[in-house]
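Step one of this worksheet: look at the structure below.
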There are 2 protein chains.
Amino acid sequence: MPTYPMPLVRIEIALQTIVDGELVTLMVRREQAPYRDRWALPGGVIRVDQDRDLDAGAQRIALERLGITPPYLTQFCAVGSAGREPRAPHDWGLSVVYRALAPAGTIAPVAGKRVAGLRWVQADNPLPASHTAFDHALIVASAVAATRQQTAALEFPRGLIPERFTLGALQRLCEEVLGTPLDKSSFRRKLRDRKLVESIEGAQQRGEAHRPSAIYRLSSGGSIGTTPQDRLETGFA
Amino acid sequence: MPTYPMPLVRIEIALQTIVDGELVTLMVRREQAPYRDRWALPGGVIRVDQDRDLDAGAQRIALERLGITPPYLTQFCAVGSAGREPRAPHDWGLSVVYRALAPAGTIAPVAGKRVAGLRWVQADNPLPASHTAFDHALIVASAVAATRQQTAALEFPRGLIPERFTLGALQRLCEEVLGTPLDKSSFRRKLRDRKLVESIEGAQQRGEAHRPSAIYRLSSGGSIGTTPQDRLETGFA
DNA sequence: ACAAAAGTGTTCGTCTTACACCCATGC
DNA sequence: GCATGGGTGTAAGACGAACACTTTTGT
């Protein structure tokens, strides 16, 4: 059989976290054409000699470009067409987009290889299409919508949530992601009914100017994802 | 910059429809190694000289392999790793999986290029892993779960539903997809409340041995998808 | 008349929402 | 004491499941 020219395969990463009480996504300024000096998702080319699979490639690229190993990395979508990769045959590029989530303040990406600058972009104040590269503005908006939808359904996007937390902190986090206030009583009842969290024996948050709070963690069984990738990984649901 | 060897990029299609009142997925018998003679999703290699984008490639491959142009084709997930493509450098293959849906009886795929045989696989009676290729058994199960979840939420997977239908037929269709009976009154109330369907003026289904029924179509606004691809296409939700 | 499916209403229980209220702590 | 957030209870209402019922056709 003949061998056909292949697309250039890239991985892009939409890293989301909370900064100043708001959901933000990391974008980087491109150092090279196309779209030089415009803002894009951090990403890189897959290396078949280094990456065992797509997930491993995403981890490598996060490390190379941002100097971090995100705790939670999940495949989001793939976009591919002619006209997005001048280095490839027929200008044909394929990007597999990953979504990465990290708890507020736990992650400090630094500009790595071929990255001219970093910037947290607020979910509700996106960059105009004229300052962004490819269709990345659209992808960011879509990734934000996904994170909010998960949060609203209390399918916690694991990575965003610290190991140990108080219920108040968890509620604040959700409110920050969603950008809307939640009812305390309802929030807690849902957590209880669906057994999403479990209290850590004896642990207490003291020292604040108010009643001490119990410390919780996500319960192991809780919040099974419903994306194709989740289903594949868990052996379908 | 150096040019790296690229993965072999393929598109696979999970074509689903209703056969004999059951949700089924099409699989094909492989003519070539690897996994020769085992069952896999129909698919093919992307052609950067022919396919404008991934969607166009999926359409071309459906036509070449199955002789059909599915009315509804939506990206599902991407899987890629070393060890799944002997023809590629480092045995590295990347498959973008599409889900295609067609109303019962509207589609008659035929074995096309490099396809040794076709087979409808029932959702609740899947082929054992020992007879399937790659991770395609897992992907099929995952695609079935996605279709059922959409149906249960009355986010109709457009392609499965004919242009015009009676409410009874629509309910039967949902029951066949889900494999469980539904309550007529509840079903209709939901359709009404959420304005998912609209009746076609004056049209009636006559000639059956019972009361004639009104004819409906999906309302234009109804049932916005929530997959990343849906959001990208509609300019985010 | 009868079967068969269309189409509607009604009841009952569950889940959600919104709000009010007590509790424990640091200052 | 009092401000602050933790933690709980409750009444009103929305929603969904289950079931009974009437209507209209062809045979």
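Protein chains get the first letters and strands the later ones, always in sequence-line order, with residue 1 at the start of each.
For the segment residues 207-214 of chain A, the set of residues with a heavy atom within less than 4.0 Å of an atom of DNA chain D comprises Ala209(A), His210(A), Arg211(A), Pro212(A), Ser213(A), Ala214(A), in numerical order. Residues from residues 177-192 of chain B placing a heavy atom under 4.0 Å of any atom in DNA chain D, listed by number, are Asp183(B), Ser185(B), Ser186(B), Arg189(B), Lys190(B).
Remark: Leu170(A) CG to Arg188(A) CZ distance equals 9.5 Å, nearest 0.5 Å. Atom CG in Asp135(A) sits 4.0 Å away from atom CZ in Arg84(A) (nearest 0.5 Å). For the atom pair CG of Asp55(A) and CD of Gln229(A), the computed distance is 9.0 Å after rounding to the nearest 0.5 Å. To the nearest 0.5 Å, atoms SG (Cys77(B)) and CD (Glu12(B)) are separated by 10.0 Å.
Rounded to whole Å, the distance from CD on Gln205(B) to P on dT25(D) is 14 Å. Protein atom CZ of Phe165(A) is 13 Å distant from nucleotide atom P of dG6(D), rounded to whole Å. When rounded to the nearest whole Å, the span between CZ of Arg172(A) and P of dT4(D) equals 14 Å. When rounded to the nearest whole Å, the span between CG of Leu167(B) and C1' of dT24(D) equals 16 Å. Atom CG of Asp193(B) is separated from atom P of dG9(C) by 13 Å (rounded to the nearest Å).
Listed by first then second residue, pairs satisfying ring-ring contact (aromatic ring centres under 6.0 Å, His included) with a partner in residues 126-151 of chain B read Tyr35(B)-Phe134(B), Phe134(B)-His136(B), not counting sequence neighbours.
By the 30° and 60° cut-offs, the orientation of the rings of Phe165(A) relative to Tyr216(A) is parallel.
A distance-only check finds no donor-acceptor pair linking the side chain of Arg158(B) to the backbone of Leu101(B) [under 3.5 Å].
For Gln205(A) and Thr166(A), the side-chain atoms include no donor-acceptor pair closer than 3.5 Å.
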